[in-house]
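Positions are given from 1 along the sequence. Owing to the predicted nature of the structure, the values given are computational and were not obtained by experimental measurement.
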Amino acid sequence: MTVNSRPARPVILGQNQYGKAENRVVKITRDGATHHIKDLNVSVALSGDMEDVHYSGSNAHVLPTDTTKNTVFAFAKEHGIESAEQFGIHLARHFVTSQEPIQRARIRIEEYSWERIATSDANSQFIGADEVKHSFVRKGQETRLTQITYDGSSWEVVSGLKDLTVMNSTNSEFWGYAKDKYTTLKEAHDRILATSVSSRWRFNWTDDEQKMPQWEKSYEQVKKHMLQAFAETYSLSLQQTMYQMGARIINNRSEIDEVRFSLPNKHHFLVDLEPFGLKNDNEVYYAADRPYGLIEATILRDGCEPRIPVDLTNL
């Protein structure tokens, strides 16, 4: 039986990729009695000359997904994990340069942060409390993200975070909006502004000739400027606050050209306490989880083109 390697037109193969998703790797670095943790969830997607495996089932150009999984764990040992970005760059470069059919690698990484458990000053019965440098508690503020894409010549690094919940209990208003016959929302001149930040930012580092950003410092600085802008902006709308968050990042971090936000407005409504003979002076609120306003935007350095997907669920 003869199998044609390519079907007759008009049916053709479009974009395709494959790899091993959500490889959970935890790397412990032992600096004497002091330990350090990097906790990652790594997803690998590879593409290139893969027509034959789709048309005829030939696996000659296919690196097994199990191999990509093994590579993630081996690289954690061989290269260590300085940062999520650096680890993703090592992986992407390896897959593209070591396998001729692979022409493009995309590495997505979620990072889960840990911090040391503060111990008492008094010595423990079994080990000195002042010697405990190996106990950690999982941070719950946000999940750090990065996506590394490499095609053999150029890089695209998009980092970010999700589930960073923030609140201003005052210095926020919402009034003067358009109204029609279905509008029931009352204007607010002193309200709670709360959201769960999902954000991505694109670095302008694109090739090996450029100086590579300091990934860990960059992340901490971006988060700092984002939070400071949220706290320091007297807000007349969540859109205004969001723009200031992005503008603060662009103005202070020269390595970043584009920031994308997706901000659900976590509504807090004043509870009507008048039936109980009580005055609610902006003290008691009902926190509604849905439906919620969803505010999204991209903030760019002047002269740059947007490249971060509008729908962050695709990134």
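D163 and R144 are not joined by a salt bridge, as no carboxylate oxygen comes within less than 4.0 angstrom of a charged side-chain nitrogen. Comment: E110 engages K162 in a salt bridge, judged by a side-chain N to carboxylate O separation of less than 4.0 angstrom.
E283 CD: more than 12 foreign heavy atoms inside a 6.0 Å radius. More than 12 heavy atoms of other residues, nucleotides or ligands sit less than 6.0 Å from atom CD of E115.
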Distance-only criterion, 3.5 Å: show the donor-acceptor pairs between side-chain atoms of residues 290-306 and protein atoms not counting sequence neighbours.
| unit_1 | atom_1 | unit_2 | atom_2 | d |
| --- | --- | --- | --- | --- |
| E296 | OE2 | S262 | OG | 2.8 |
| T298 | OG1 | R260 | NH1 | 2.9 |
| R301 | NE | I256 | O | 3.4 |
| R301 | NE | D257 | OD1 | 2.9 |
| R301 | NH1 | I250 | O | 3.4 |
| R301 | NH2 | I250 | O | 3.0 |
| R301 | NH2 | R253 | O | 3.0 |
| R301 | NH2 | I256 | O | 2.7 |

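Residue pairs meeting the salt bridge (Lys or Arg N to Asp or Glu O under 4.0 Å) criterion with at least one partner in residues 236-251, sequence neighbours excluded, are E232-R248. Residues in residues 166-185 take part in these salt bridge (Lys or Arg N to Asp or Glu O under 4.0 Å) pairs, two or more places apart or across chains: K179-E187. Residue pairs that meet the ring pair (Phe, Tyr, Trp, His ring centres under 6.0 Å) test with at least one member in residues 245-269, sequence neighbours left out, are H267-F269. Every pair passing ring pair (Phe, Tyr, Trp, His ring centres under 6.0 Å) that includes a residue from residues 163-197 is listed here, sequence neighbours excluded: F174-Y177, W175-H189. Pairs engaging residues 148-159 under the salt bridge (Lys or Arg N to Asp or Glu O under 4.0 Å) rule: E156-R307 [sequence neighbours left out]. The ring pair (Phe, Tyr, Trp, His ring centres under 6.0 Å) pairs that include a residue from residues 79-100 are F75-H79, F75-H94, H79-H90, where partners are two or more places apart or lie in different chains. Residue pairs meeting the ring pair (Phe, Tyr, Trp, His ring centres under 6.0 Å) criterion with at least one partner in residues 221-249, sequence neighbours excluded, do not occur; the list is empty.
Note that the CG atom of N168 and the CG atom of L193 stand 6.0 Å from one another [nearest 0.5 Å].
Checking each of E111, R200, E85 against S159 for a side-chain hydrogen bond (donor to acceptor under 3.5 Å, both in side chains) leaves exactly one that passes, namely E85. Just one of I81, T71, L91 meets the side chain to side chain contact (heavy atoms under 4.5 Å, CB included) condition when paired with V42; it is L91.
For K223, the salt bridge (Lys or Arg N to Asp or Glu O under 4.0 Å) partners two or more places apart in sequence, or in a different chain, are E142. Remark: K27 pairs with no residue by the salt bridge (Lys or Arg N to Asp or Glu O under 4.0 Å) rule, at least two apart or across chains. Shown here are the salt bridge (Lys or Arg N to Asp or Glu O under 4.0 Å) partners of R106, two or more places apart in sequence or in another chain: there are none. By the salt bridge (Lys or Arg N to Asp or Glu O under 4.0 Å) test, K224 pairs with no residue at all, sequence neighbours left out.
In the model, R104 has no side-chain atom that pairs as donor or acceptor with a side-chain atom of S47 under 3.5 Å. Under 3.5 Å, the side chains of Q214 and E216 contain no donor-acceptor pair of N or O atoms.
Pairing each heavy atom of V259 with each of G246, the nearest pair is CG2-O, 4.4 Å. Nearest heavy atoms, P264 versus T195: O-OG1, 2.6 Å.
Of the possible polar contacts, one joining the T68 side chain to the T65 backbone as a donor-acceptor pair under 3.5 Å is found. Listed for the N280 side chain is a donor-acceptor partner under 3.5 Å among the backbone atoms of V284.
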Quiz item: Run the ring-ring contact (aromatic ring centres under 6.0 Å, His included) check on F203 and W155 step by step: do they pass?
Solution: CA-CA 10 Å; F203 292 89; W155 297 92; over 10 Å; no
Quiz item: Yes or no on side-chain contact (heavy atoms from CB on, under 4.5 Å) for N41 and N23, after CA distance, side-chain angles and deciding distance?
Solution: CA-CA 5 Å; N41 187 14; N23 301 281; 5.6 Å; no
